[in-house]
There are 2 protein chains.
Amino acid sequence: MRLTTKGRYAVTAMLDLALHGTERPVSLADISGRQDISLSYLEQLFAKLRRNDLVTSVRGPGGGYRLSRGGGEIFVAQIIDAVNEAVDATGCGGTSDCQQGEVCLTHHLWCDLSEQIHQFLSQISLADLVERREVQSISARQDARTQAQGETLSVAEL
Amino acid sequence: MRLTTKGRYAVTAMLDLALHGTERPVSLADISGRQDISLSYLEQLFAKLRRNDLVTSVRGPGGGYRLSRGGGEIFVAQIIDAVNEAVDATGCGGTSDCQQGEVCLTHHLWCDLSEQIHQFLSQISLADLVERREVQSISARQDARTQAQGETLSVAEL
DNA sequence: CAATAACCCAGTAATTTAGTCAATTATAAG
DNA sequence: CTTATAATTGACTAAATTACTGGGTTATTG
């Protein structure tokens, strides 16, 4: 499990789909415009997302992408895994060159750690994020009116 | 919070320190030999670890590095943060170019997510890992004797 | 003084990220 | 049928990050 900007782009794009794709398919050009991600980079990402059955495509005018299923059944971990593809474990994925058990054990430990993160992100669905979003935007507007109190600083930045 | 191999190297090296540095300081050459990380790369990593007060150094013959405090007071998140340094949020760290509130909100959401991972890794200390390690190595030896039963496959690989 | 090992710095190969460009293919609409 | 739209494919490149090399210096122990 790697956590890089690439995964963030993918999650952002998928969230955009979840937010805007309820009626009609969403074109990558739209996502590119809204989320400020280059069209060609989106193409690369969505090729992988499609191969991993997270989205379906509709060609031609009015076409674009749709979530392959409900937002409640697509999880953040799946999205990140899809675009990171072929993470090949840790350079010590069973086949490789751990001289002593010791080395391999620290690797194994790291796998444990990232596996737990993976499980954490496997529990968060796009639907969860959409909901959370609405909650936050509401509370953000409330904060703007009632003057933020300090804890809500990061929200007030917007 | 980024999760890359760089952070894994740092955690592995720090764990090596925790395991072998109880008596005397541990030289980077030793860690390099045991963990198969290039000496110069370790130098880079430890420069950052030292700047972040996670290790102390002893120069001269017999010198090396020590944990700056007990393994129970050094957490995985601190190690990863130390070597990743200057993560500058998400390209939208307050100062930047979010055209609409919308974009900024997806960013904020991602921050939330990685913040939760950060908190998770902030609860795991080196001491926890050392303990876990011992438990695993013991159970690994037990499994080797009693013939592993399937679930313990990854341990049995060693 | 000599050996050790941290410390520092400049450079560089390899990989990943991010993006460009140029085609081709499917399809809806006129 | 033609045209515009938008996915799809692929090759190629720029920038950033990761991982590493090598050369030096400084402090310390024996």
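Chain naming here is simple, since letters A, B, ... match the order of the sequence lines and numbering starts at 1 in each.
Of the two residues contacting DNA chain D, namely Arg51(A) and Gly60(A), the nearest-nucleotide position lying further toward the 5' end is that of Gly60(A). Positionally, the nearest nucleotide of DNA chain D for Pro61(A) lies more toward the 5' end than for the other of Ser40(A) and Pro61(A). Both Glu43(B) and Glu43(A) lie close to DNA chain C; mapped to their nearest nucleotides by heavy-atom distance, the more 5′-ward contact belongs to Glu43(B).
For the pair Tyr41(A) and dT13(D), the criterion of a side-chain N or O lying under 4.0 Å from OP1 or OP2 is not met. One finds no side-chain N or O of Arg59(A) lying less than 4.0 angstrom from the OP1 or OP2 phosphate oxygen of dA28(C). Within the structure, a side-chain polar atom (N or O) of Ser57(B) is placed less than 4.0 Å from OP1 or OP2 of dC7(C). Taking side-chain N and O atoms only, Arg50(B) has a distance below 4.0 Å to OP1 or OP2 of dC8(C). For Thr5(B), a side-chain nitrogen or oxygen approaches OP1 or OP2 of dA19(D) to under 4.0 Å.
If you take NZ of Lys6(B) and P of dT17(D), they are 9 Å apart, rounded to a whole angstrom. Atom pair Leu45(A):CG and dT16(C):C1' shows a separation of 13 Å (rounding to whole Å applied). Taking atom CZ of Arg24(A) as the reference point, atom P of dA29(C) lies 11 Å away to the nearest angstrom.
Residue contacts for Phe46(B): at a heavy-atom cut-off of 4.0 Å it reaches no nucleic acid atom on any strand shown. Using a 4.0 Å heavy-atom criterion, one finds that Leu39(B) contacts no nucleic acid atom at all.
Taking the six-membered ring where the residue is Trp, Tyr41(A) and Tyr9(A) present perpendicular rings, their angle passing 60° and hence far from 30°.
Side-chain atoms of Gln44(B) lie closest to dC20(D) of the nucleotides dA7(D), dC20(D), dG19(C).
The nearest pair of heavy atoms linking Gln78(B) to Glu73(B) is OE1-O, 3.8 Å. Between Asn84(B) and Arg2(B), the shortest heavy-atom contact is ND2-O, 3.3 Å.
In summary, of the residues considered (Leu54(B), Ile79(B), Leu17(B)), a side-chain contact (heavy atoms from CB on, under 4.5 Å) with Leu126(B) occurs for Ile79(B) alone.
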